[in-house]
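Structure first, then comments.
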Amino acid sequence: MKRITSVLLMIFVAFSLSFAEETAFRGVKVADAKGKQADASLIFSDNNKTVIVRVADRDFVTIPYDQLDKVSYEYTKKHRVTQGAIVMVASLGAGAIVMLTKSKSHWLYIDYHDQNAPRTVVLRMDKHEYKNIIAAVTTHTGKEVQFLGATGGKAKNK
C-alpha cells in the first residue's frame, strides 16, 4: 500500500510540476567545503532552463540544464548521541532510548561543468520534501537521478 501511495504521489508531483514555469523548494541546505550548512532554496526555472541554488536572497550557483552531468541521491543514518545526552540530563532512561534511535539525512549531489571544469553542489534535503525534489529534477531537467543508497555516517565529500 505504501508503495502504491508513493508511486501515485510521484506521478501527481511530476504531472503538476510539468505545467509550472518555476518550481522552488525551501527545505534544503547547502554544504560548503568545511561541512557547514546554510539554509537555501532550490529553484527550477523552466523559462531560463536553469537550476538555481539561492542562499539569503543571493544566487549561490546557477546551473543551465545543458551543463548538468549527473544528479545523485543518497541518505545517511547516524545515532542521536548528542540529543540523547541532552535528554539524559532530565531522564536517564529516555536519554538512553534516544541514543539508540537513528536520524536520517537526505543528500542531493548535482554534478555539472562550468567552462570545462567539473563542479559539484551538495544539498541536504528536508525529509518531507526529498521525494518531491527528486521528482522535480527528472521532470524539469530530464536527467534521471542516480540512487547511491545508504552510507554509514556523514555524507561523503565529492
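Treat the numbers as computed from the prediction; the structure is a model and nothing was measured.
- Considering every non-hydrogen atom in both Val28 and Leu42, the closest pair reads CG2-N, 3.8 Å.
- His106 and Tyr130 have parallel rings, their planes meeting at less than 30° on a 0 to 90° scale where 60° marks the start of perpendicular.
- Contact detail for Ile43 and Ala24: the closest heavy-atom pair is CG1-CB, 3.9 Å.
- The shortest distance between side-chain heavy atoms of Ile110 and Leu68 falls below 4.5 Å.
- Atom NZ in Lys29 sits 9.0 Å away from atom CG in Asp126 (nearest 0.5 Å).
- Atom-to-atom distance recorded for Trp107:CH2 and Leu123:CG is 9.5 Å, nearest 0.5 angstrom.
- Environment of OH in Tyr65: crowded, with over 12 heavy atoms of neighbouring residues, nucleotides or ligands closer than 6.0 Å.
- The distance from atom NZ of Lys131 to atom OH of Tyr73, rounded to the nearest 0.5 Å, is 8.5 Å.
- When all heavy atoms are compared, the tightest approach of Val137 to Phe44 is CG2-CZ, 3.6 Å.
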*Determine, step by step, whether Phe60 and Val30 satisfy the side chain to side chain contact (heavy atoms under 4.5 Å, CB included) criterion, reporting the C-alpha distance in whole Å, the side-chain angles of both residues, the deciding distance to 0.1 Å, and the verdict.*
CA-CA 9 Å; Phe60 178 73; Val30 176; 3.6 Å; yes
*For the pair Glu74 and Tyr109, evaluate side chain to side chain donor-acceptor pair (under 3.5 Å) and give the outcome as yes or no after the intermediate values.*
CA-CA 8 Å; Glu74 76 177 352; Tyr109 301 98; 2.5 Å; yes
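- Between Val55 and Asp39, the shortest heavy-atom contact is CG1-O, 3.6 Å.
- From Lys143, atom NZ reaches atom OG1 of Thr138 across 11.0 Å, with rounding to the nearest 0.5 Å.
- No side-chain heavy atom of Glu22 sits under 4.5 Å from any side-chain heavy atom of Asn47.
- Residue Ala40 comes nearest to Val53 through the heavy atom pair CB-CG1, 4.2 Å, listed as atom of the first residue, atom of the second, then distance.
- Here the closest non-hydrogen pair linking Glu129 and Gly27 is OE1-N, 3.1 Å.
- Going from atom CZ of Arg54 over to atom CG of Asp59 covers 4.5 Å, rounded to the nearest 0.5 Å.
- Asp66 meets the side chain to side chain contact (heavy atoms under 4.5 Å, CB included) test with Pro64; sequence neighbours excluded.
- Shown here are the side chain to side chain donor-acceptor pair (under 3.5 Å) partners of Asp114, two or more places apart in sequence or in another chain: there are none.
- Between Pro118 and His113 there is no side-chain heavy-atom pair separated by less than 4.5 Å.
- Following chains of ILVMFWY side-chain contacts shorter than 4.5 Å, one cannot reach Leu108 starting from Ile52, and the two form parts of different hydrophobic clusters.
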*When you look at Ile63 and Thr50, which way does the side chain to side chain contact (heavy atoms under 4.5 Å, CB included) test go after all the steps?*
CA-CA 5 Å; Ile63 308 165; Thr50 57; over 6 Å; no
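- Here the straight-line distance linking atom CD of Gln67 with atom OH of Tyr112 works out to 8.5 Å at 0.5 Å rounding.
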